[in-house]
Colleague: 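One structure, as structure tokens, below. Some questions next.
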Amino acid sequence: MVAPAVEAPVVIALDVGGTKILSGLVDREGNVLEEREVPSPGESEEDVLAAFDAAVEALLDERVAAIGYGIPANLERGTGRILNAMNLPLDDVDLITRSTDRFGLPTGIENDGSAATLAEWRRGAGRGTRNLVMLTLGTGVGGGVIADGRLFRGWAELGHIVVQEGGAECTCGGRGHLEMLASGFHAGDPAARELFGPGADSYVLIANASRGDERAREALARIGHSLGAAIGSLVNIFDPELVVVGGGFGAAAEALVLDPALEAARREAVPPASETLRIVPAELGSDAGLVGAGLVAFEALDGER
């Protein structure tokens, strides 16, 4: 039974990453009213959970009606239990029950890429669509899928699509995954370091490309083509009205990556998508994950999860 919607002033949202925890107060319209950032402790499960608690407690007051988490993890369908987290020591953790018992508030949880997708669909570049794919290009590659007007609640590990059989080994142990070909990490290592020395990173690569360095532009075009190959496969499966590309690296490299990506994606997509496919930049920027976690909290509050 779905509980009646409750009008709540604000919820606490946590956008959790391998290097930082972004927390904030979010209202029903997706506005971030207050925002904080702390490093993610990675030493133990106890440390990570304590950091979550501290982030919630720092924002908790009488206005808060629910809590939402965006976590880089595979979640068990139905229960939301964390099965395995990426770059965090969290395995087999029932965070929903723990948070609800500790704070006495409805709690929702979603994969961080899916949370960002939910935010862009409801409040950003995907408003008004019913079918959408989002890819977030950061240190790694994440994303999510909106299908027939609903967020796909499966794992949606879009960064681990195989683009190059037998390619470079991925952090997950597989090979040739999109994450190793189109992430900010890949842009820095090996692309930037091969061209500009051991201290170079993805932003050095982008800066040089923006100044007209042809080697840097070609390296980013190759990243765009790998991204486009993956997008073509996703389009052939989900038939989205558009594909949204976000994340820190995605936003920084947008002008140099998205055109090659569209060219490659249209080459791989079956008609009519080969002509009609649109790839657009995300609109919410670094707040997408936080806004998405806030929307997940409101879903928990309203009994929709």
Side-chain angles (χ1 to χ4, degrees), residues 17-18 71-77 83-88 110-114 116-117 131-147 151-194 202 205 218-240 242-250 253 256-271 273-274 277-279 282:
I71 304 276
N74 294 330
L75 306 176
E76 183 177 63
R77 289 192 184 186
L83 300 176
N84 175 59
M86 309 298 175
N87 305 313
L88 288 171
E110 189 53 78
N111 171 272
D112 59 338
S114 291
T117 301
N131 297 282
L132 174 150
V133 169
M134 181 172 179
L135 288 164
T136 56
L137 312 184
T139 304
V141 176
V145 176
I146 303 295
L151 178 68
F152 175 67
R153 302 286 182 181
W155 287 6
E157 289 291 346
L158 305 187
H160 297 282
I161 291 175
V162 177
V163 177
Q164 186 180 77
E165 182 182 5
E169 185 174 0
C170 185
T171 53
C172 71
R175 288 189 172 275
H177 293 184
L178 178 62
E179 184 161 302
M180 297 308 296
L181 297 169
S183 65
F185 172 81
H186 174 74
D189 185 8
R193 290 173 178 81
E194 286 180 353
S202 60
L205 185 68
E218 288 171 4
L220 288 168
R222 287 195 296 272
I223 289 171
H225 285 132
S226 295
L227 175 64
I231 288 173
S233 294
L234 292 168
V235 167
N236 291 341
I237 297 167
F238 295 107
D239 184 28
L242 78 163
V243 175
V244 179
V245 176
F249 174 64
L256 299 158
V257 167
L258 293 196
D259 283 346
L262 180 61
E263 177 187 356
R266 284 186 168 174
R267 184 174 62 242
E268 303 298 340
V270 298
S274 56
L277 171 63
R278 292 187 294 145
I279 302 176

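Excluded from the calculations below are hydrogen atoms, water molecules and symmetry mates; all remaining heavy atoms, backbone and side chain alike, are included.
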Colleague: Rounded to the nearest 0.5 Å, how far does CG of Leu258 lie from CD1 of Ile231?
Modeller: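 Nearest 0.5 Å value for the CD1-CG distance: 7.5 Å.
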Colleague: Kindly give the heavy-atom pair with the smallest separation between Thr117 and Val145, and that separation in Å.
Modeller: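 Result for this residue pair: CG2-N, 4.0 Å.
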Colleague: Shortest non-hydrogen contact from Ala85 to Ala73?
Modeller: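 Closest approach of Ala85 to Ala73, heavy atoms only: CA-CB, 3.7 Å.
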Colleague: Counting C-beta onward and ignoring hydrogens, is there a side-chain heavy-atom pair between Ile71 and Asp112 closer than 4.5 Å?
Modeller: no
Colleague: What salt bridge (charged side-chain N to carboxylate O under 4.0 Å, His left out) pairs are there with at least one residue in residues 132-143, not counting sequence neighbours?
Modeller: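 Output for this query is empty, none listed.
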Colleague: How about CG on Asn84, more than 12 heavy atoms from neighbouring residues, nucleotides or ligands closer than 6.0 Å, or not?
Modeller: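 It does: Asn84 CG has more than 12 such atoms within range.
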Colleague: Among Leu234, Val244, Ile279, which residue satisfies the side-chain contact (heavy atoms from CB on, under 4.5 Å) criterion with Leu135?
Modeller: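 So, applying the side-chain contact (heavy atoms from CB on, under 4.5 Å) to Leu135 and each of Leu234, Val244, Ile279, only Leu234 qualifies.
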Colleague: Does any non-hydrogen side-chain atom of Leu83 lie less than 4.5 Å from one of Leu75?
Modeller: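 SC-SC contact between Leu75 and Leu83 ruled out.
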Colleague: So, for Val163 and Ala230, which heavy atoms are closest and what is the spacing to 0.1 Å?
Modeller: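 Answer, listing the atom of Val163 first, then Ala230: CG2-CB, 3.9 Å.
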Colleague: For residues Ala269 and Val235, report the shortest heavy-atom separation together with the two atoms involved.
Modeller: CB-CG1, 4.1 Å
Colleague: I need the Met134 CE to Leu242 CG distance, nearest 0.5 Å.
Modeller: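 So the gap between those two atoms works out to 10.5 Å.
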Colleague: I need the full list of salt bridge (charged side-chain N to carboxylate O under 4.0 Å, His left out) pairs touching residues 261-270, with sequence neighbours left out, sorted by first then second residue.
Modeller: none
Colleague: May I have the list of side-chain donor-acceptor pairs in residues 181-188 shorter than 3.5 Å, sequence neighbours left out?
Modeller:
unit_1, atom_1, unit_2, atom_2, d
Ser183, OG, Thr139, O, 3.4
Ser183, OG, Glu179, O, 2.7
Ser183, OG, Phe185, N, 3.4
Ser183, OG, His186, N, 3.1
His186, ND1, Met180, O, 2.7

Colleague: Enter the distance from Asn111:CG to Phe152:CZ here, rounded to the nearest 0.5 Å.
Modeller: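 Output value for this atom pair is 11.0 Å.
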Colleague: Test of understanding: with side-chain hydrogen bond (donor to acceptor under 3.5 Å, both in side chains), list the residues that count as partners of Glu76, not counting sequence neighbours.
Modeller: Thr79
Colleague: Are Leu158 and Thr136 packed together at the side-chain level, in the sense that at least one heavy-atom pair is separated by less than 4.5 angstrom?
Modeller: no
Colleague: To check you understand the geometry: which heavy-atom pair defines the closest contact between Ala261 and Leu227, and what is its length?
Modeller: CB-CD2, 3.9 Å
Colleague: If you apply the rule salt bridge (charged side-chain N to carboxylate O under 4.0 Å, His left out), what do you find for Arg153 with Glu110, and how did you get there?
Modeller: CA-CA 8 Å; Arg153 302 286 182 181; Glu110 189 53 78; 2.7 Å; yes
Colleague: I need the Ser226 OG to Ile161 CD1 distance, nearest 0.5 Å.
Modeller: 12.5 Å
Colleague: Could you tell me which residues satisfy side-chain hydrogen bond (donor to acceptor under 3.5 Å, both in side chains) with His177, sequence neighbours excluded, listed by chain and number?
Modeller: His160
Colleague: With sequence neighbours left out, what residues match His225 under ring-ring contact (aromatic ring centres under 6.0 Å, His included)?
Modeller: none
Colleague: Over all heavy atoms of both residues, which pair between Ala191 and Ala219 is shortest? Give the atoms and the distance, please.
Modeller: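 Result for this residue pair: CB-CB, 4.4 Å.
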Colleague: To the nearest 0.5 Å, what is the distance between CG on Asn236 and OG on Ser274?
Modeller: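 Interatomic distance, Asn236 CG to Ser274 OG, rounded to 0.5 Å: 9.0 Å.
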